[in-house]
Amino acid sequence: MSEHGVAPVAAARRQRPMPTERSVANSNEAGLLINVIRSLTSSVSEDQREIEKSRLEKGYKESGVLIDRLVKSYCRERIHNVRNALHTVKSLLELRRDDLKKLWHENAQQKSVCEIMAKLEELREAPSKIENLIAKEQYQQAADTVTESKALINGRLSRVEGLSHLSSEIERFSKVLIDRINETLVNMLIVEPFEKHLLHIIRTIPENRINQNTYCLSLYTKSRSGSNNGSSFNGSSSKSRIISCVEALSTLFRTVEERSWDVDRLMMLGKNMIDKMIVNTVLVMKIGANIDESNEGDSTHLKQLMQLLSNQLDSSSLQHAEFGILVEKQLGRNDVLTSFWRSAQSAIEVVVSEHLDINPLLEKQNVMGATSRKQLFKFENTACAAPNTNSSNHRAKAVICKPSAYNIKVIFPILSRLMETIEKNINDSPCELRRFMHDFVMRVFVERVKGELASRIESALRGGEAVRISTNKKILPSCEKVLSLCKDIHDLITSIDLYADRFSALWILVLTDYFKNMTDVYEKMTPKTSDPSLPTSETVLTRCQKSSAVWTADDDISRLLMSLPNWHAASISPLTPAVESEQDVGERNKRESELLIGNWGQAQNSLVENNLIMDMNDIKMFASLHESLRWFGIEIRGLVDSLPANVKLMLDTCMVQVQLKDGQMIDNKSVPFAIEDCVRRLESIADSCLLLLHIEIRVHCFFHLAPLAKYRNTSSNNEVDPEVVALGKDLHLFHDNLKDVLSPSKLSYIFDGLGHLCASLFIHYRYVNYQLQFMPRLTEAAKKRVCRNVWGVQQRLSRITNRRESELDRARAFFDLLLDNSPDGILAIVPEKRLHFTATELSYLLALSVRSDKVLSNQPGALEKRQMILNSILAQKK
């Protein structure tokens with residue numbers, strides 16, 4: 001019996017049949033089934049089978065009814081027992097419910113009080129816990145603690161009094177945590193990538209110089225401690241630290257507005273840190289290169305600085321890329337990398353501006369625009385104006401070398417690669433930095449270069465500088481200055497290849513201006529007509545029309561002379577001319593001598609001294625002009641050939657229109673074609689100068705030797721005629737002034753063939769005079785005088801050419817035959833001498849001999865008769 005006085009009732013149990021009974025029943029049933037089966041299988045009668053089937057069905061039905069009755073009886077009894085048991089349990093539970101409910105309430109109250117006390121204890125320890133976690137850089141745990149503490153104060157413990165102090169402390173540490181997370185992120189995203197590259201410079205600086213600067217010393221210390229125990233410079237734990245910081249910020253800021261504000265604040269801190277690290281980078285580089293006020297840096301240091309800044313920004317960009325992926329995933333912002341490059345571009349623009357000296361130019365332009373606007377109020381001295389006044393000078397200029405617009409040459413290739421990187425990362429083309437550089441190049445730099453080029457070429461070519469000859473160089477200083485301008489432009493084209501078309505236009509302007517100036521110089525030195533207004537006779541001599549200039553200006557004559565072998569040998573031969581025999585030299589100049597004598601022989605009386613260039617300064621100037629322009633053309637072609645392939649492709653597609661002197665045009669041609677055209681025109685002037693010198697010295701030979709063919713009273717002394725002396729003096733003056741200017745091959749072109757020309761003048765010109773009836777008979781004294789003159793010319797010319805000048809030996813032999821033989825005697829020795837003289841020269845010899853004979857010269861038909869004999873002799877020998 002239970003404590004309530006109620007006796008438990010046992011459930012009724014089913015009485016199972018005894019095993020004996022079950023076995024008997026089973027055996028009876030089995031026997032019946034066997035009998036039925038035996039009857040069905042053994043009986044032949046169909047009726048008997050139906051009877052047995054009916055008996056079997058009846059037996060099954062009776063068994064089913066019996067089974068149903070037994071099952072119903074068993075279940076009813078079982079349900080009754082379960083109902084009784086449940087009723088008993090219900091009675092027992094109702095008795096214990098009130099007690100259990102009371103105990104449950106008491107237990108819940110005690111548990112709640114314990115939990116509140118535990119939370120209060122945790123809340124009391126939260127500030128110190130947060131502080132310790134911040135110190136250990138466990139920002140995620142610190143953020144969880146801050147979030148949980150705020151949730152307690154604002155939620156479950158909101159009604160607890162006396163928690164205001166704890167609330168303010170947790171709020172203060174929350175701000176400290178955010179600041180530390182931002183500081184850590186800034187260090188990982190900017191400071192560490194920048195300082196990683198600075199360590200290479202720090203390791204090269206002597207310790208005594210490192211100790212002189214606080215930042216260098218701290219960086220050196222950080223480097224040594226990092227190399228000993230591992231640091232963030234190696235990047236091994238950088239990603240995990242960034243993840244921890246981002247998750248902590250995601251925990252601290254739940255709303256989108258809060259997250260956006262914090263990312264913007266972080267980007268602003270990053271922008272300020274980029275400016276600071278650039279200043280530190282310049283400082284470290286200046287200390288590493290030992291740059292100070294007494295030892296200024298140069299463009300090389302600037303190039304190293306820009307390359308270093310580019311590498312630093314690339315490293316920082318990789319960190320920002322990883323950070324941006326996490327921020328987009330955790331905070332929903334996808335503009336981290338774009339914001340970084342926007343800040344980086346702003347910082348680079350400041351560095352570039354300071355080194356390119358842009359600000360003074362902008363200030364001048366702004367002042368000019370500001371003077372036209374009247375100021376209604378002035379705020380310079382007000383309190384609100386103070387921050388703006390100081391904002392432009394918030395930091396010292398990070399300058400490593402002297403500012404100059406030409407510094408762009410060394411930094412533009414680096415900036416170009418940086419701009420491509422920026423545009424690739426932010427999917428914005430053109431980027432802000434490219435627009436800034438384009439604005440500077442197109443608006444400021446190109447105009448400045450154009451103005452400076454104009455000033456420099458003005459000083460190089462005006463005021464007599466174009467024709468000033470250097471004392472120790474064969475190249476004109478003006479030509480060297482113009483080439484220096486072209487090299488500067490070439491450097492600009494290769495350095496700032498994106499604007500190659502603009503700078504190549506300046507290049508063409510320089511070349512066309514130089515061509516116009518050289519054309520003016522040449523035309524001034526070779527006037528087409530004399531100037532009667534000039535007062536002094538000396539000036540008239542230098543300004544009169546020169547025969548050599550007339551021949552050079554004649555297109556047909558100059559083309560013919562330039563087609564001869566001697567011009568070809570001079571134009572293609574190296575600096576040292578090939579060694580040739582006198583016979584080879586004579587053969588090369590034979591056609592030219594015939595051409596010159598044939599033309600000058602018809603106009604011998606028109607050649608006067610005024611038609612000669614007597615001033616050796618002009619001779620030297622022509623030589624210097626030739627060598628300078630030829631050298632200039634080679635150098636310019638070398639500059640064009642050295643242009644990068646991409647620049648050449650750009651210039652090939654850039655069409656220009658150039659106006660030359662006298663209205664000549666280069667219309668719709670590519671830049672290389674225009675440059676080559678200008679070079680060819682300059683080389684044409686150079687060729688004219690060389691051809692003029694070549695003709696001029698031959699004009700001198702003609703001028704001095706032609707009078708010797710005329711009759712004059714001869715003295716009995718053995719001296720040569722004054723004309724030979726004058727010719728020798730001119731030849732030596734020519735050689736002395738040209739030998740240090742012209743290359744050996746060009747000098748050979750001037751003097752080679754003079755012997756053949758002089759010999760031809762002695763031989764052929766006398767016969768020409770004979771045909772023109774200018775030459776009287778040659779006396780014995782006259783024949784000897786001619787031989788002395790030939791020898792005098794040969795002696796003077798050999799001293800210059802260092803050759804015997806055998807053509808003059810042949811001329812002396814020519815007159816020796818005339819001196820020693822009568823006309824008939826000459827006919828007798830023709831078979832012997834015809835190998836030394838041409839048929840024409842033998843005809844000249846016979847004619848002069850007949851003319852000089854006292855008897856035959858007065859006999860009609862004497863010359864014709866002997867000429868027929870000579871022709872028959874020459875015909876027989878063929």
Side-chain angles (χ1 to χ4, degrees), residues 193-206 208-210 212-213 215-216 219 274 277-315 344 347-360 396-421 433 436-437 440-441 444-445 448-449 452-453 456 483-500 503 638-639 642-644 647:
F194 271 73
E195 291 184 345
K196 178 178 65 174
H197 294 275
L198 292 179
L199 291 180
H200 300 291
I201 302 177
I202 288 294
R203 295 189 183 101
T204 62
I205 303 176
N208 59 339
R209 273 193 280 164
I210 291 177
Q212 296 175 3
N213 183 267
Y215 178 73
C216 289
L219 193 61
I274 290 175
M277 291 307 302
I278 289 178
V279 174
N280 291 338
T281 299
V282 175
L283 175 65
V284 172
M285 282 203 64
K286 292 173 74 173
I287 294 175
N290 198 20
I291 298 174
D292 53 24
E293 296 179 355
S294 61
N295 183 24
E296 293 185 351
D298 54 21
S299 58
T300 303
H301 298 106
L302 176 59
K303 182 179 180 180
Q304 294 173 355
L305 171 64
M306 296 307 300
Q307 186 61 57
L308 178 60
L309 291 178
S310 177
N311 295 336
Q312 289 173 327
L313 292 175
D314 287 340
S315 298
I348 291 296
E349 287 177 11
V350 173
V351 176
V352 171
S353 300
E354 292 172 348
H355 283 90
L356 297 184
D357 195 20
I358 299 178
N359 292 336
K397 288 186 176 181
V399 178
I400 200 169
C401 67
K402 184 178 180 181
S404 171
Y406 283 92
N407 286 333
I408 192 175
K409 292 193 299 183
V410 297
I411 67 175
F412 190 84
I414 301 173
L415 291 177
S416 180
R417 291 190 293 270
L418 182 60
M419 290 184 289
E420 292 176 359
T421 301
L433 181 59
F436 168 79
M437 293 305 302
F440 166 73
V441 172
V444 179
F445 186 66
R448 173 179 287 192
V449 170
E452 291 185 4
L453 289 176
R456 291 171 64 185
L483 181 63
S484 177
L485 295 179
C486 294
K487 287 183 177 179
D488 291 342
I489 298 175
H490 174 271
D491 292 341
L492 291 174
I493 292 175
T494 54
S495 301
I496 316 176
D497 54 358
L498 295 180
Y499 302 93
F503 293 114
L639 292 178
S642 65
L643 290 173
V647 175

Would you name the heavy atoms of [X] and [Y] that are closest together and state the gap between them?
X    : Y    : value
I414 : S310 : CG2-CB, 4.1 Å
A289 : R209 : C-NH1, 4.4 Å
L198 : L219 : CB-CD2, 3.7 Å
S495 : F412 : O-CD2, 3.3 Å
V284 : I202 : CG1-CD1, 4.1 Å
D357 : S404 : CB-N, 4.2 Å

A side-chain contact here means heavy atoms from C-beta on lying under 4.5 Å apart; do I489 and L453 qualify? yes
Does any non-hydrogen side-chain atom of I201 lie less than 4.5 Å from one of L308?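 Sidechains of I201 and L308: in contact.
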Mind checking side chain to side chain donor-acceptor pair (under 3.5 Å) for [X] and listing every partner two or more places apart, or none if nothing turns up?
X    : result
T281 : Q312
N311 : Q307
D497 : N646
S299 : none

Tell me whether S315 contacts the main-chain N or O of P193 through its side chain, where contact means a donor paired with an acceptor under 3.5 Å. no
Could you tell me whether a side-chain N or O of T494 sits under 3.5 Å from a main-chain N or O of D491, the two making a donor and an acceptor? yes
I'd like to check the salt bridge (charged side-chain N to carboxylate O under 4.0 Å, His left out) partners of R456; sequence neighbours left out, ordered by chain and number. D488
As an exercise, state the distance from [atom1] of [X] to [atom2] of [Y], rounded to the nearest 0.5 Å.
X    : Y    : atom1 : atom2 : value
H197 : L199 : NE2   : CG    : 10.0 Å
I348 : F436 : CD1   : CZ    : 10.5 Å
H301 : M306 : NE2   : CE    : 15.5 Å
L356 : M437 : CG    : CE    : 6.0 Å
S642 : I493 : OG    : CD1   : 9.5 Å
I278 : F194 : CD1   : CZ    : 5.5 Å

Contacts of type side chain to side chain contact (heavy atoms under 4.5 Å, CB included), residue [X], not counting sequence neighbours:
X    : result
L639 : L483, C486, K487, H490, W507, I636
N213 : Y215, C216, L283, I287
E420 : S416, R434
C401 : L302, H355, N407

Residue set satisfying ring-ring contact (aromatic ring centres under 6.0 Å, His included) with Y406, at least two apart, ordered chain then number -> F445
